[in-house]
Protein chains: 2
Amino acid sequence: MLKQERHAFIIQQLNVHNRVYSTDLQQRLVVSEDTIRRDLQELAEEGMLIKVHGGAVSKSFHFTLSNNNVYASKAKKDIAQKACHLIANDMVVLLTGGTTIREMINELSPMLKATFITPSIPIALELMNHPRVDVIFIGNQLNKNAQMATGAEVVKMLSTIRADLCFLGTNAIEAGAGITDSSWEVVEVKKAMIQATDKLVSMVIAEKLNTIQPMQVCGVSDIDTLITELPADHELLAPYHSKGIRLL
Amino acid sequence: MLKQERHAFIIQQLNVHNRVYSTDLQQRLVVSEDTIRRDLQELAEEGMLIKVHGGAVSKSFHFTLSNNNVYASKAKKDIAQKACHLIANDMVVLLTGGTTIREMINELSPMLKATFITPSIPIALELMNHPRVDVIFIGNQLNKNAQMATGAEVVKMLSTIRADLCFLGTNAIEAGAGITDSSWEVVEVKKAMIQATDKLVSMVIAEKLNTIQPMQVCGVSDIDTLITELPADHELLAPYHSKGIRLL
DNA sequence: TATATTTATGCAGGTTTATGCAGGTTTTTT
DNA sequence: AAAAAACCTGCATAAACCTGCATAAATATA
């Protein structure tokens, strides 16, 4: 078997499984331990994979591991900066929880004078650093996993509110399934927020584009504006653009 | 299984659940206790997570308030340790704001199963780190200086509650003037909390003993238990003892 | 065609890494 | 205060690693 064939096989395995073991490759390709090691070494030098003790992992795999923090926070900051321009003085704004929303609050102008309504404790805390905004917390029974208020009481309170804008920190979005989430309680609250707002803004990092979770929050058509860290004409956003959503 | 695979699994679990337990990971990944510990240690060094006794928590979740520059934190810790013994399972407990109360929450046993009611955002946040307690937040309009909800709505909600205990973070106390405070809005809320509780516990560091502020919260006779960092027979506490207050 | 050159592979040996285990310490729970 | 759980340190071992060398195959050259 040619070296190039082995290399091709290794890459293919990596694409499928995101990882390969040296010992496994030895057996399947019937070559010595050293040969496999040299193969992996060469492919690593070409930047095709990342060698680790015992085998190799695919580049995208390693990406999601190491970049979780650095890369994602940069993206969130980009999103936050785009988002905060949407808020004008004297608006009433609904906010969900999530780190992206928190980032946005940090980016708000200290001159802004608006009313913010949220069921999220960390968001409320962050808002209190802003001297000129009014902060209204929604709900009483707190959900520890989501760090926010959930339940019938929240939904009831939201039903008496009419806001100008609602910013939704989004866990999963897909052109067909719309915005989806994993917790039933959180979905209930988000639905009520969407009912209570005039315009809906979804903030999502590209990593979560085209992913689906079990429960639907709303359809794509309910979204007015979608904010990601990508340029508005990026191909990943095309399906949303074609449905008439404003992209930032 | 490669080390990197385990690491990826741990990070993924953290992203979903915000917390992992070493014992659980041991079983799911079928490795020894030590290996998991080393994994968590390495990931913590890389800044991917925060290690805690028994496992790890996600970095973004661990939005914890800095306890670093709390004034007189040794004294407050002493007070907190005395205070938390007063709380038994299934109690309903009212809490004001303040660093002493926060310190007490940190000292609570994670096994405690009780209901806590508070109008303070930082206190609510701190309480959510406790796995087994119910947390109820009171109010909607937030006061930025006090970082808590104030106003008629809070008073009204409190009037419908009957709690077993109320812990009052106290700014000033004096044998004649009772507990006093400087903000009218905060005093209104504290008064309502006192109305709503069976027993009132005042927590105060010694340097605030025998000081007076403009507005009265309650008289000395309303207090059931007074907790300071001093021994119960300290001379500074004699005037309170003579009025029949229980001292800790 | 015969010989030199390169390339690919395997092997010997010594080194490093990953993991589990033993023992003792600290933290948590009862 | 005792017991249990989680923690840490150091050590042992096996697996994976590397370096250098030898050999075989492929390729190039005379």
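Lettering of chains follows the sequences in order, A, B, ..., and the numbering in each one begins at 1.
The CG-P distance, from A/Asp39 to D/dC18, rounds to 13 Å in whole Å. B/His7 places its NE2 atom 15 Å from the P atom of C/dT17, with the value rounded to the nearest Å. As a whole-Å value, the separation of B/Leu25 CG from C/dT19 C1' is 16 Å. Note: CD (A/Glu42) to C1' (C/dT9) measures 11 Å, nearest angstrom. If you measure from atom CG of B/Leu2 to atom P of D/dC17, you get 10 Å, rounded to the nearest angstrom. A straight line from CD of A/Glu33 to C1' of C/dC11 spans 11 Å, rounded to a whole angstrom. When the C1' atom of D/dC7 is taken as reference, atom NZ of B/Lys51 falls 7 Å away, rounded to whole Å. Rounded to whole Å, the distance from NZ on A/Lys3 to C1' on D/dA25 is 13 Å.
When the side-chain nitrogen and oxygen atoms of B/Thr35 are compared with OP1 and OP2 of C/dC21, none of them lie within a distance under 4.0 Å. Close to C/dC21, at under 4.0 Å from its OP1 or OP2, lies no side-chain N or O of B/Ser32. Put simply, B/Arg6 has a side-chain N or O that comes within less than 4.0 Å of OP1 or OP2 on C/dT19.
Screening B/Leu29, B/Val30, B/Asp34 against B/Ser32 for a side-chain contact (heavy atoms from CB on, under 4.5 Å) leaves a single residue, B/Asp34.
Remark: C/dC21 base-pairs with D/dG10; criterion is Watson-Crick or G-U wobble with both hydrogen-bond distances under 3.5 Å. Remark: C/dT6 base-pairs with D/dA25. Criterion, Watson-Crick or G-U wobble with two distances under 3.5 Å.
Side-chain atoms of B/Asp34 and base atoms of D/dC7 include no donor and acceptor less than 3.5 Å apart.
A/Glu103 has no carboxylate O lying under 4.0 Å from a charged side-chain N of A/Lys77, or vice versa, which leaves the two without a salt bridge. Between B/Arg38 and B/Glu42 there is no salt bridge, since none of the side-chain N atoms of the basic residue sits less than 4.0 Å from a carboxylate O of the acidic one. Salt-bridge formation is detected for the pair B/Lys190/B/Asp181: a Lys NZ or Arg NE/NH1/NH2 atom is positioned less than 4.0 Å from an Asp or Glu carboxylate oxygen.
Heavy atoms of A/Gln41 sit under 4.0 angstrom from primed sugar atoms or phosphate atoms, though from no base atom.
The listed nucleotides are D/dC7, C/dG20, D/dA16; the one nearest the side chain of A/Arg37 is D/dA16. The side chain of A/Arg38 has D/dG20 as its nearest neighbour among C/dG20, D/dG20, C/dT27.
Of all the heavy atoms in A/Thr228 and A/Ile79, the pair that sits closest is C-CG1, 3.6 Å.
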